[in-house]
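Letters A, B, ... are given to chains in the order of the sequence lines, protein chains preceding strands, and every chain is numbered from 1.
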Amino acid sequence: MESGMVSVDRWCAGSQVYFLTHLHADHIRGLTPKWTRGPLYCSRITAKLFPIKFPGFDLSLIRIVEIGHWHSVSLLSPSSVSSTILYFMAIDAHHCPGAVMYLFRGEFGCTLYTGDFRWESTSERAQTGRTMLLKAMQDVKLDMLYLDNTYCNPTYCFPSREVAARQVLSIITSHPNHDIVIAVDTLGKENLLLYISRVLKTKIWVWPERLQIMHLLGFHDIFTTKTSVTRIRAVPRYSFNIETLEGLNTMCPTIGIMPSGLPWAPKSFRGKEKLSSESPPLLLDNRWHTDIATSSTSSKPNGGSLSSGRYDHYIYTIPYSDHSCFSELQKFVEFLKPTNIKGIVSSSASNVDPLYHFGSLCRIQQASELLCQRLKSKRYEKVGVIGMKSPFGCTSTMQLGRKRRKRQNFSASIHVSRVRLLRRERQGVKIVDTDPD
DNA sequence: GCGATCAGAT
DNA sequence: CACATCTGATCGC
């Protein structure tokens, strides 16, 4: 079976069907309102939010995938007149509203594409997903796992969102006379805001576009665009910085809360330590490893010990993440026992390569060998990783395709500058039709 | 000149 | 390192 027939979060020409995991910007790059390339499968919530992101989009192209149910579509093999049936199921990814993983089954085998996801073992929703996956794969092995490797390194260690939400709440209640601004994106972290609103019995300010999204999600009477009715505001992350906070503090005492799985360290501290699984550096904010909710009074902006006053004197970084931390990824891989794994997030470093950390959990014998090959061709990795967003990659014909593609990439790279190469993959240029790694 | 797309910053 | 997003520059028609 040829690949290039199915794309996930990838919007180049050449596929017969396209799957969208969720509506964050880095997953819809290349998708436009003028889309005509084929049917677009997504979750019901994503479909509901779709017109906001893509006004004028031809909605007749959208196919809703109900969570937990098998769907199927007949695909035509490009090289012959034969057709084959692709079966697929969406599973809640617990990332942002509408985010799903896709499980694919067909004559090519069984593939799971997680998209961005969080796998909190304590969460009831994750248990539901676990049950769905178990049932859907009870009679087969998982040939290929495309994994959200954003935090696929042991240094990324943070608590559940429930615990992090309590930390946020604790910081807010310990500043009863401050205005609070919380950095959020256009989608995601709603549960944190709902929790704050519920416990403190207060509305939360959001910007107008965000209010529209909240209403579409069914949250009425909780959010407002009137600044006068609340001291808590959720603001776009891009407008959240030291200067903004300093400006706000000239008018009213204000603290900022940055919910993120990343250690937002001061610039002066950043870049000096390189992430490496051999000698993982301590996170600058070691409180992440414990529950600071019980000791919030000792929490100072940016971890307290970082007293280089210029940097975010007013900002608290809280490890509230919609991506899985390392230990969750590990549990996920152990649970699925895939034959092979590939990260969906490109990286020039090996620190988040799933095979590096989880190769031994895979069924493949040659995990280290595969990794070795990959490290050798590290310069070209970005192209390979980005290019591989087709769910197919588990049959022997796919492996042939992979080898061919590697050669093509290599020879191309010789003559094209790295900048140009990176640029090409960013544009989503279809590198080859065969399975990209 | 304009829309699409990119690198860079946050 | 880099979450997801914006801004401003540049590309290509």
Side-chain angles (χ1 to χ4, degrees), chain A residues 9 11-12 21-35 53-54 56 95-97 99 115-118 148-158 161 164 181-189 192 207 209-210 213 234-246 256-267 269-277 279-285 302 311-312 315 317-326 343-353 356 378 381-382 386 417-429:
Chain A
D9 291 349
W11 310 104
C12 318
T21 60
H22 65 291
L23 279 171
H24 277 158
D26 51 336
H27 293 256
I28 53 179
R29 193 162 292 140
L31 190 56
T32 73
K34 297 169 189 165
W35 178 260
K53 292 274 180 183
F54 302 102
H95 176 65
C96 68
D116 291 350
F117 82 115
R118 179 111 201 223
D148 172 14
N149 56 319
T150 305
Y151 295 127
C152 189
N153 184 288
T155 51
Y156 292 126
C157 171
F158 42 76
R161 283 172 289 196
V181 294
I182 305 171
V184 296
D185 293 316
T186 54
L187 201 56
K189 308 205 162 89
L192 171 63
W207 64 102
E209 294 80 359
R210 196 57 155 101
I213 290 172
V235 303
R237 194 167 57 180
Y238 57 84
S239 72
F240 182 98
N241 55 45
I242 306 154
E243 288 70 34
T244 309
L245 264 293
E246 282 171 352
I257 293 174
M258 166 64 79
S260 169
L262 276 174
W264 282 73
K267 273 180 183 164
F269 282 73
R270 276 192 264 164
K272 303 214 169 145
E273 300 166 280
K274 237 187 135 88
L275 272 179
S276 136
S277 56
S279 57
L282 288 175
L283 284 179
L284 291 165
D285 190 346
N302 199 39
Y311 190 82
D312 77 57
I315 296 179
T317 306
I318 297 297
Y320 187 102
S321 172
D322 284 330
H323 294 270
S324 300
C325 67
F326 182 78
I344 64 171
V345 180
S346 64
S347 169
S348 56
S350 62
N351 65 306
V352 293
D353 192 316
Y356 185 96
K378 191 52 78 183
E381 185 187 354
K382 280 200 113 173
I386 285 288
S417 77
R418 173 161 175 78
V419 172
R420 187 66 190 158
L421 247 188
L422 292 177
R423 179 162 188 163
R424 275 169 47 177
E425 64 85 357
R426 285 276 189 137
Q427 286 169 335
V429 165

If I take atom NZ in residue A:K189 and atom C1' in nucleotide C:dT5, what distance separates them, rounded to the nearest angstrom? 12 Å
Take the protein atom CZ of A:F240 and the nucleotide atom P of C:dA2, then report the distance between them rounded to whole Å. 22 Å
Does one side chain, of A:D148 or A:H95, offer a donor that lies under 3.5 Å from an acceptor on the other? no
Heavy-atom check, side chain of A:F117 versus side chain of A:S324, under 4.5 Å: yes
Taking only N/O atoms, report every protein-nucleotides 1-4 of chain B pair under 3.5 Å with atom names and distance.
unit_1: B:dA4; atom_1: OP1; unit_2: A:K34; atom_2: NZ; d: 2.9

Rounded at 0.5 Å granularity, tell me how far NE2 in A:H22 sits from CG in A:D116. 4.0 Å
Once you apply a heavy-atom cut-off of 4.0 Å, does A:S239 come out as touching a base, just sugar-phosphate, or nothing? nothing
What integer distance in Å separates A:D26:CG from B:dT10:P? 20 Å
Establish, with yes or no, whether the OP1 or OP2 oxygen of C:dA4 is under 4.0 angstrom from a side-chain nitrogen or oxygen of A:H323. yes
Would you mind reporting whether A:I257 and A:F240 have side-chain heavy atoms less than 4.5 Å apart? no
What is the nucleic acid contact for A:D116, judged by heavy atoms within less than 4.0 Å: base, sugar-phosphate only, or nothing? sugar-phosphate
Nearest-angstrom distance from the residue atom NE2 of A:H27 to C1' of C:dT5: 13 Å
Side-chain contact, heavy-atom cut-off 4.5 Å: A:I182 with A:K189? no
Do the side-chain N or O atoms of A:S260 get closer than 4.0 angstrom to the phosphate oxygens (OP1, OP2) of C:dA2? no
Donor-acceptor check, side chain of A:W11 to backbone of A:H27, threshold 3.5 angstrom: yes or no? yes
From CD of A:E243 over to P of B:dA9, roughly how many Å is that when rounded to an integer? 14 Å
Without decimals, in angstroms, what is the distance between A:Y320 OH and C:dA4 C1'? 16 Å
Which part of the nucleic acid does A:H95 contact within heavy-atom distance under 4.0 Å: base, sugar-phosphate only, or nothing? sugar-phosphate
Determine yes or no for a side-chain-to-main-chain donor-acceptor pair under 3.5 angstrom, with A:D322 supplying the side chain and A:R118 the backbone. no
Give the rounded distance in Å between these two atoms: OH of A:Y238 and P of C:dT7. 6 Å
Distance check needed: B:dT5 C1' versus A:W11 CH2, whole Å only. 18 Å
